[in-house]
Amino acid sequence: MKKKSGGKPESIQSDTSQHLIELLRQMLRIRRFEDKCAELYSAAKIRGFLHLYNGEEAIAVGVMQAMQPDDAIVATYREHGQALAWGIPMKTVMAEMYGKQGGCCRGRGGSMHLFDKERRFYGGNAIVGGGLPLAVGLALADKKLGRNRVTCCFFGDGAAAEGEFHEALNLAALWQVPVLFVCENNQYAMGTALKYSHSNPNLAEKADNYGIANATVDGMDVLAVEAAAHKAVDIVRTEVKPFFLECITYRFRAHSMFDPEFYREKAEVEQWRERCPINTLFKTIQEKGWLSDTEWNQLNQEVDSEIAAAIAYAETCLWEPVEDLTRFVYSERGAGV
Amino acid sequence: MNTSIQEAQPIHLTYREAVREALREALRKDDRVFLMGEDVGRYGGAFGVSKGLLQEFGSDRIMDTPLCESGFTGAGIGAALGGMRPIVEVMTVNFSLLAADQILNTAATYLHMSGGLFNVPLVIRMGTGGGKQLAAQHSHSLEGWYAHIPGIKVLTPATLEDARGMLWTALEDPDPVLIFENTLLYTMEGDISANPEPVDIDRAKVRRAGTDVTLISYSASLFKALDAAETLAQEGIEAEVIDLRTLRPLDDETLLTSIAKTHRAVIIDEGWRSGSISAEISARIMEKGFYDLDVPVERICAAEVPMPYANHLEQAALPQVATIIQTVKRMVTGHD
């Protein structure tokens, strides 16, 4: 299709095309970053646990479109995508993977614990379900202090079996606090499929039981996620109450770098790969003729350059001195909120 | 001098009232402070500590929570990160194990794993200790176990002054502070100054001076040590009694100074003996005060059983004054 087809005025169409290309760029950034992390893991530059977000990019990118800069994010150990989509500089995320002083947590957090104070990014929480009560508390503070902010809490389907999930949903509903629960339902709690984890595999119904408004959306479609997130955040912000957004998605890669994937069929993975959120959006944009081959190549080059720059930065960063090992166990004099 | 300001008379109160006064003072001083926990509002607190505070401060500041220790402790952490100064009350230390994930994996680690970005100014209060025939799920003393964890501070106020004073100091601390209140102490009465002085939370205190043996204790056991010291004095043995006050960080200096003088040390601890705070203190004395000792360090701890219900069994499981006296006599005279 040509640019002027569709009957919309050109300026709006142009805004739309720019926006869709931006969504594509953000998802691509995450995908390429994750692929590079896997390479760097094999090269022993990155160690520890590494949980990659391939396949789930539409959720972080789509949800973040609905958030305001002073809102808060609480994420899980599979949070590179959220960190990048929320604007934490890629170079400090990469340096954190390297365990370097220039990392966003000075090399003390690593892949599973990315934080950013200025941007109100509260981790990187690697106890499944543990971030939910924290998010309720952040939202409670906003409500008490009369601040019109939203706390967005990401977690997976595995977390929905934890006691802390149920405790947090109950508290959020009881106290009517402005928290958006985003359930990234990738259908496996590590290697255990949903049907082996949940007596009722319809996770949104769990929110129903607490009287929390909810919606389920195709997590492989960034536009659907974005639209649903806007509706959800509007409710949270204007009505000051929780909302539960379930995004059905699929993890393309293994759970972590130690996972031999005995628990799922290759055919199933391939089936879901066909629903790749990046390919889907790319096709949509291409069909509308909004992205020429040159522009697409340029976009790819920009993403690759950003990643190369992030790696170069991480390589040159210093190690935190061992003499500083015991810093940040307690606040230093004069520090603290 | 302004003669209109009169010297305030000491006030007579219980330990329970001292904690309540501390809560009231904190709630008045700082709008960011709120209390939350199970039955802290309408019930008045499981041990009556917060009685009347709901009526005085309202339900935004005195929040009854559902029974979800992990949920509301985690919410306390989040609220602290969001700029509030929450005081979370967990009914007893046994129940706090349901919140252990949030205390250990989040509150204690957050500052470090964020590379110094996020501190958690949270205070958690809880009841601890045995002696009320509450059996094996309500009677344990796990404060020493919490003292194992870097990133938190562990306070064990024994006196009325500390019960009233430590809370505010804890609230001013930028990091998570756990306050353990031995539930037997709630009815203890006495006089304290009407104008409270600020108290520190990082030093032990010598509660009784002596020359022959150092009795190291904290919380309710402090009074057993003091009772034992009185009896021993009648027999010519002068015990120095130290109130640890804070189990983390431990104040080694006060302990070692005393042992350099007395050359004998007994630790009295309501926690189980194995892997206990008494084991830690004993190890530190060996490491730093070994050559000051005339005899090996002794420990008087809870028996290694889940706390039994029957009174005679429970009392047999807890440290007793008679055992302290007997132990000290043996150390000083060389025989029973």
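So you know, we letter chains A, B, ... as the sequences are listed, proteins then strands, and number each from 1.
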Under 4.5 Å from any heavy atom of chain B - which part of [X]:
X	value
A:Leu169	neither
A:Phe165	neither
A:Arg327	backbone
A:Leu174	side chain

**Request:** Check whether B:Ile149 gets within reach of chain A through its side chain, its backbone, both or neither, counting any heavy atom under 4.5 Å.
**Result:**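 Backbone only.
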Check: [Y] and [X] side chains under 4.5 Å, non-hydrogen atoms:
X	Y	answer
A:Arg108	B:His112	yes
B:Cys68	A:Asn170	no
A:Asp116	B:Phe118	no
B:Ile77	A:Pro133	no
B:Leu81	A:Leu138	yes
A:Phe328	B:Met113	no
A:Leu140	B:Met63	yes

Contact winner vs chain A - [options], heavy-atom pairs under 4.5 Å:
options	result
B:Pro150, B:Ser114, B:Gly116	B:Ser114
B:Leu67, B:Asp60, B:Asp173, B:Ile152	B:Ile152
B:Pro86, B:Pro66, B:Gly115, B:Ala79	B:Gly115

Do you know which of [options] has the most heavy-atom pairs under 4.5 Å to chain B?
options	answer
A:Cys105, A:Ala141, A:Cys104	A:Cys105
A:Val177, A:Leu171, A:Val136, A:Asn125	A:Leu171
A:Glu164, A:Arg147, A:Arg106	A:Glu164

What do you reckon, is [atom1] of [X] surrounded by more than 12 foreign heavy atoms closer than 6.0 Å?
X	atom1	answer
A:Glu315	CD	yes
B:His148	NE2	no
B:Lys205	NZ	yes
A:Met190	CE	no
A:Phe49	CZ	no

**Request:** Quick one: closest heavy-atom pair of B:Gly82 and A:Leu145, and the distance?
**Result:**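 Answer, listing the atom of B:Gly82 first, then A:Leu145: O-CD1, 3.8 Å.
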**Prompt:** Strictly under 6.0 Å, is that where the ring centroids of A:Tyr122 and B:Tyr110 end up?
**Reply:**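 No, the ring of A:Tyr122 stays outside the 6.0 Å limit from the ring of B:Tyr110, centre to centre.
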**Item:** Reported OG1-to-NE2 distance for the pair B:Thr109 and A:His113, which is rounded to 0.5 angstrom
**Value:**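 Interatomic distance, B:Thr109 OG1 to A:His113 NE2, rounded to 0.5 Å: 7.0 Å.
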**Message:** Measuring from atom OG of B:Ser70 to atom CD of A:Glu162, what distance do you get when rounded to the nearest 0.5 angstrom?
**Reply:**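 The CD atom of A:Glu162 is 9.0 Å from OG of B:Ser70, to the nearest 0.5 Å.
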**Prompt:** Among residues 97-108 of chain B, which ones touch chain A with a heavy-atom distance under 4.5 Å?
**Reply:**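 So far as heavy atoms go, B:Asp101, B:Gln102, B:Asn105, B:Thr106 are the residues that approach chain A to under 4.5 Å.
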**Prompt:** Within the side chain of B:Asp175, is there an N or O that forms a donor-acceptor pair under 3.5 Å with the backbone of A:Ser331?
**Reply:** yes
